Undergrad: 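One structure, as structure tokens, below. Some questions next.
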There are 2 protein chains.
Amino acid sequence: MTSRSERIPADERREQILAAATTVFGELGYAAATTDRVARAAGISQPYVVRLFGTKEQLFIETLRRTLARVLSTFRAALAEAPEDGDAREARLGAAYLELVEDRGTLLTLLHGFMMGPDPVIGPVARDGFLQVFRMLRDEAGFTPAQIHRFLADGMLINTLLASGIGLDARRDPDAADLMDCTFGAKVADVLERASA
Amino acid sequence: MTSRSERIPADERREQILAAATTVFGELGYAAATTDRVARAAGISQPYVVRLFGTKEQLFIETLRRTLARVLSTFRAALAEAPEDGDAREARLGAAYLELVEDRGTLLTLLHGFMMGPDPVIGPVARDGFLQVFRMLRDEAGFTPAQIHRFLADGMLINTLLASGIGLDARRDPDAADLMDCTFGAKVADVLERASA
DNA sequence: GTCTATATAGCGATAGAC
DNA sequence: GTCTATCGCTATATAGAC
């Protein structure tokens, strides 16, 4: 536990920072997150974060790209071991989505990116990411339009429930518990509740 | 076009500011929005905005409350003129949601509120708003759990598409157009596209 | 590869005049 | 009821030492 950080290869350090950034951006969003909080989460100084990524904006964009890559590779891994049957593939991808919920920061960073549509530089990057997911569902998963609709809509609802932290109220508030139950059933509600902690 | 604003009753002025704030917060989110931008949008000075609402945080909370009230009253108006049949009521509420899309700021401010779950003061307010919508669907609209699920999931997907501004790409990018089409069909895609401008 | 020190800018909030 | 002036804080980014 030295105050000065150990000397580490830049590549590895970048990865540590991106992991920390995923948590911080996911929690607070782009504007409210500070490079200093990312630095602390990564155990280094604030100027060094800026040094390695140029600007906060660049750091966010690379974080977005990283989270998107993680999402796509998780889906592709799920598809690789899924049967040909359409319904079974849909169920398998749904399960893959729940795996992603466990990481929390990944889905929340992505959602915060989508919310930045009006930003002239981040907006286009986020939209491109959205389209990559869409193309994967259409071309690689072979989903029908109805399946694509369901998958994206359910995904966005899960994202929002996760972001709002309603899962935390579920223990105290019967309505909150009922909401979680109505929308995704007890099993998924449980995953969301744990991920909200 | 005087540089100094006209003298107006505080109640009216508050309403102007809240309307401006709905646009600004919806566009930029809580953290990126500034009280100065809200002031300019309302045609008054920045300190006066703070004077009338105390803090930026309070302004956001009141804006959130106002947007929620608008959403609930729009839904209730739709239900009042809807038949008893469950499917027809669902369709009528869906149409009401599309009316809300026209205003853009309303739904986006609400969504930005949901994203602030971790914030110790705004988070609880946002979650409470979410639960109010849920209770309305369950107790007043009489929706089944499956209907509640569909309605909320579709709503969140619409919100996200709206926030990301993907509708704007649809003219240039065939995939973006296909995405809008797959998820909600040509008619809704058109509403979303116009609202993104 | 990493830090300390600091320049610089933007924003929320206060004071006080009109 | 509304403004101008301004304080004080926070945050990004730079400079330069080690």
Side-chain angles (χ1 to χ4, degrees), chain A residues 1-21 23-64 112 116 118-122, chain B residues 1-21 23-25 27-64 109 112 116 118-122:
Chain A
M1 198 65 101
T2 47
S3 92
R4 183 172 275 264
S5 297
E6 209 185 337
R7 227 181 136 84
I8 284 183
D11 290 4
E12 201 173 321
R13 196 56 101 180
R14 283 179 68 93
E15 184 50 39
Q16 289 178 349
I17 296 173
L18 286 171
T23 302
V24 175
F25 283 130
E27 196 85 1
L28 304 172
Y30 175 68
T34 67
T35 53
D36 188 58
R37 278 185 72 127
V38 173
R40 286 178 199 283
I44 58 176
S45 72
Q46 179 268 333
Y48 192 32
V49 170
V50 176
R51 174 81 121 189
L52 283 183
F53 290 88
T55 63
K56 176 185 171 182
E57 191 177 63
Q58 264 304 312
L59 171 62
F60 184 70
I61 288 176
E62 295 204 33
T63 307
L64 252 189
H112 274 118
M116 295 194 63
D119 185 284
V121 28
I122 295 173
Chain B
M1 197 66 100
T2 47
S3 91
R4 184 171 274 267
S5 297
E6 209 184 337
R7 226 180 136 85
I8 284 182
D11 290 5
E12 202 172 322
R13 196 57 102 180
R14 283 178 68 91
E15 183 50 39
Q16 289 178 351
I17 295 173
L18 286 171
T23 302
V24 174
F25 283 130
E27 196 85 0
L28 304 171
Y30 175 68
T34 66
T35 53
D36 188 59
R37 283 192 63 138
V38 173
R40 286 179 200 282
I44 59 175
S45 71
Q46 179 266 333
Y48 193 30
V49 170
V50 176
R51 174 80 119 189
L52 283 183
F53 289 88
T55 64
K56 178 187 172 183
E57 191 177 64
Q58 264 305 311
L59 172 61
F60 185 69
I61 288 176
E62 295 206 31
T63 307
L64 210 50
T109 295
H112 273 117
M116 296 193 62
D119 184 285
V121 28
I122 296 173

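A note on names: the letters A, B, ... follow the listed sequences, proteins ahead of strands, and every chain is numbered from 1. Remember, it's a predicted structure, so these values are computed and weren't measured experimentally.
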Undergrad: Would one find a side-chain N or O of B/S5 under 4.0 angstrom from OP1 or OP2 of D/dC3?
TA: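 Yes.
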Undergrad: Can you measure A/E6 atom CD to C/dG1 atom C1' for me and round it to whole angstrom units?
TA: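 From A/E6 CD to C/dG1 C1': 12 Å.
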Undergrad: May I have all residue pairs that pass ring pair (Phe, Tyr, Trp, His ring centres under 6.0 Å) and include part of residues 37-63 of chain A, sequence neighbours excluded?
TA: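 Residue pairs with at least one partner in residues 37-63 of chain A: A/F25-A/F60, A/Y30-A/F60.
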Undergrad: Would a 4.5 Å heavy-atom cut-off, applied to side chains only, mark A/I8 and A/Q16 as touching?
TA: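 In short, these two side chains touch, coming nearer than 4.5 Å.
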Undergrad: Taking side chain as C-beta onward, heavy atoms only, is B/V24 less than 4.5 Å from B/T34?
TA: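 No; the side chains remain at least 4.5 Å from each other.
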Undergrad: I'd like to compare against my own output: the B/S/- annotation of nucleotides 6-18 of chain C with a strict under-4.0 Å heavy-atom distance to protein.
TA: -----SBBB-B--
Undergrad: Separation of A/L28 atom CG from D/dT10 atom P, in whole Å?
TA: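 Those two atoms, CG and P, are 16 Å apart.
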Undergrad: Using a 4.5 Å cut-off on heavy atoms from C-beta on, say whether the side chain of B/E12 contacts that of B/E15.
TA: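 A side-chain contact is absent here, since even the closest heavy-atom pair is not under 4.5 Å.
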Undergrad: Do the side chains of B/V121 and B/I61 get nearer than 4.5 Å, heavy atoms only?
TA: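 SC-SC contact between B/I61 and B/V121 confirmed.
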Undergrad: Take atom OH of A/Y48 and atom C1' of C/dT2, then tell me their distance rounded to the nearest Å.
TA: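 Rounded to the whole Å, the gap is 6 Å.
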Undergrad: Taking C-beta and beyond as the side chain, do B/V49 and B/I44 meet within less than 4.5 Å on heavy atoms?
TA: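 Counting from C-beta outward, B/V49 and B/I44 do come under 4.5 Å.
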Undergrad: Scan residues 8-18 of chain B against DNA chain D and write down, sorted by residue number, each residue with any heavy atom closer than 4.0 Å; if none is found, say none.
TA: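 Here the set is B/I8, B/P9, B/A10, B/R13.
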Undergrad: Take a 6.0 Å sphere around CZ of A/R37 and say whether it holds more than 12 heavy atoms from other residues, nucleotides or ligands.
TA: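 Incorrect, the count does not exceed 12.
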Undergrad: When you compare the side chain of A/D119 with that of A/E57, does any pair of heavy atoms fall below 4.5 Å?
TA: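 Touching, per the 4.5 Å side-chain cut-off.
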